[in-house]
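See below for the structure under consideration.
All ligand and atom numbering here is 1-based and tracks the order in the structure.
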Amino acid sequence: MDKIILVLTAVEAEKEAVVRGLRGDSRFVTIAAGVGPAAAAVTAASALARDPGRYRLVVSAGIAGGFAGQVPVGSVVVASESVAADLGAETPDGFVSVDELGFGSSRLPVDGAMAARLTEKLRESGIGVRLGPVLTLSTVTGTAATAAELAERYPGAAAEAMEGYGIAEAARRFDVPFLEIRAVSNAVGPRDRSAWRMGDALAALEAACATLTEVLP
Ligand SMILES: O=C(O)c1cccc(C(=O)CC[C@H]2O[C@@H](n3cnc4c(=O)[nH]cnc43)[C@H](O)[C@@H]2O)c1
């Protein structure tokens, strides 16, 4: 039996955009896993454990906040790595990552060749795209101070979302390559939920998933 691709979104609206983009491609199965890294990791790990050897790629797909000066709203970010940006300890001298604490790695890899191919194809298709680190946080950033702190702590970070690292960790445990695709619905910074451009982001997510079907070997 041919191996297939597992795509996980957080919410149903993202799943619907992904499914529209995949246009019935039978190589993919898409699940809405819930918001946040815990729900995402549990759902991904459960699916991978239910059918060992069935999957050749696991994809975290959805909307995200984009860092100012890195990516505009409505564009796509393909992760170059997934970073757990709030996994560590707060100290009087600032944040200390789990790496520095000696408890593992806050950075998980993606399938670099696939990420590069997808980015190139999206660019060729005229879709605004950036290949860069995507942060995973359990809390949506809501102030300029936190946005600036994250940008300083993770230079070049393109976007933040809430699920990627959890899914990447599940994929790593099952030895399946991982990819994260995000469409930017809002800028990372002071909270203004009314300014989130969900429609534009979901359309960009749909286009990115249509392109994904074209770059798979
Ligand atoms: O209105 C809110 O504050 C809010 C809180 C939690 C989740 C949401 C969602 O709309 C869930 C969808 C999904 O969106 C991703 N996302 C989008 N923008 C950001 C962001 O700036 N920072 C972090 N995550 C973001 C995230 O992956 C959610 O699961 C709304």
On a heavy-atom basis, the closest approach of Ala161 and Ile63 is CB-O, 4.0 Å
Taking both backbone and side-chain atoms of Arg191, is any N or O found less than 3.5 Å from an N or O belonging to ligand 1? yes
Tell me if the CD atom of Glu90 is crowded by more than 12 foreign heavy atoms within 6.0 Å. no
Considering all heavy atoms, the nearest Thr213-Arg27 contact: O-NH2, 3.0 Å
Glu160 and Val188 have their tightest heavy-atom pair at CG-CG2, 3.5 Å
Is Ile63 in contact with ligand 1, taking contact as a heavy-atom separation below 4.0 Å? yes
Close-contact set for ligand 1 against Ala10 heavy atoms, below 4.0 Å: 29 (O)
Report yes if some N/O of Val188 lies less than 3.5 Å from some N/O of ligand 1; otherwise report no. no
When you measure from the side chain of Thr91 to the backbone of Asp93, do you find a donor-acceptor pair of N or O atoms at a distance under 3.5 Å? yes
Give the atom numbers and elements of ligand 1 that come within less than 4.0 Å of a heavy atom of Ala64. 16 (N), 17 (C), 18 (N), 19 (C)
Identity and distance of the protein heavy atom lying nearest atom 19 (C) of ligand 1: Gly65 N, 3.3 Å
Going by the atom numbers of ligand 1, which of them fall below 4.0 Å from some non-hydrogen atom of Ser185? 17 (C), 18 (N)
Below 4.0 angstrom, N of the basic side chain to O of the carboxylate: do Glu214 and Arg117 qualify? no
Would you indicate whether Asp175, at its atom CG, is surrounded by more than 12 heavy atoms from other residues, nucleotides or ligands within a distance under 6.0 Å? no
Based purely on interatomic distance, does Thr141 place a nitrogen or oxygen under 3.5 Å from a nitrogen or oxygen of ligand 1? no
of all protein heavy atoms, closest to atom 11 (C) of ligand 1 is Val35 CG2, 4.0 Å
Which is closest to atom 29 (O) of ligand 1 by heavy-atom distance: Arg193, Glu163, Glu160? Glu163
With the 4.5 Å side-chain cut-off for hydrophobic clustering, are Leu179 and Leu108 part of the same group? no
Options Met162, Glu14, Arg182, ranked by nearest heavy atom to atom 6 (C) of ligand 1, top entry: Met162
Do other residues, nucleotides or ligands put more than 12 heavy atoms under 6.0 Å from the CZ atom of Arg173? no
In the protein, what heavy atom is nearest to atom 5 (C) of ligand 1, and what distance, to one decimal place, separates them? Val140 CG2, 4.0 Å
Near Asn186 (heavy-atom distance under 4.0 Å), the atoms of ligand 1 are 17 (C), 18 (N), 19 (C), 20 (C), 21 (O)
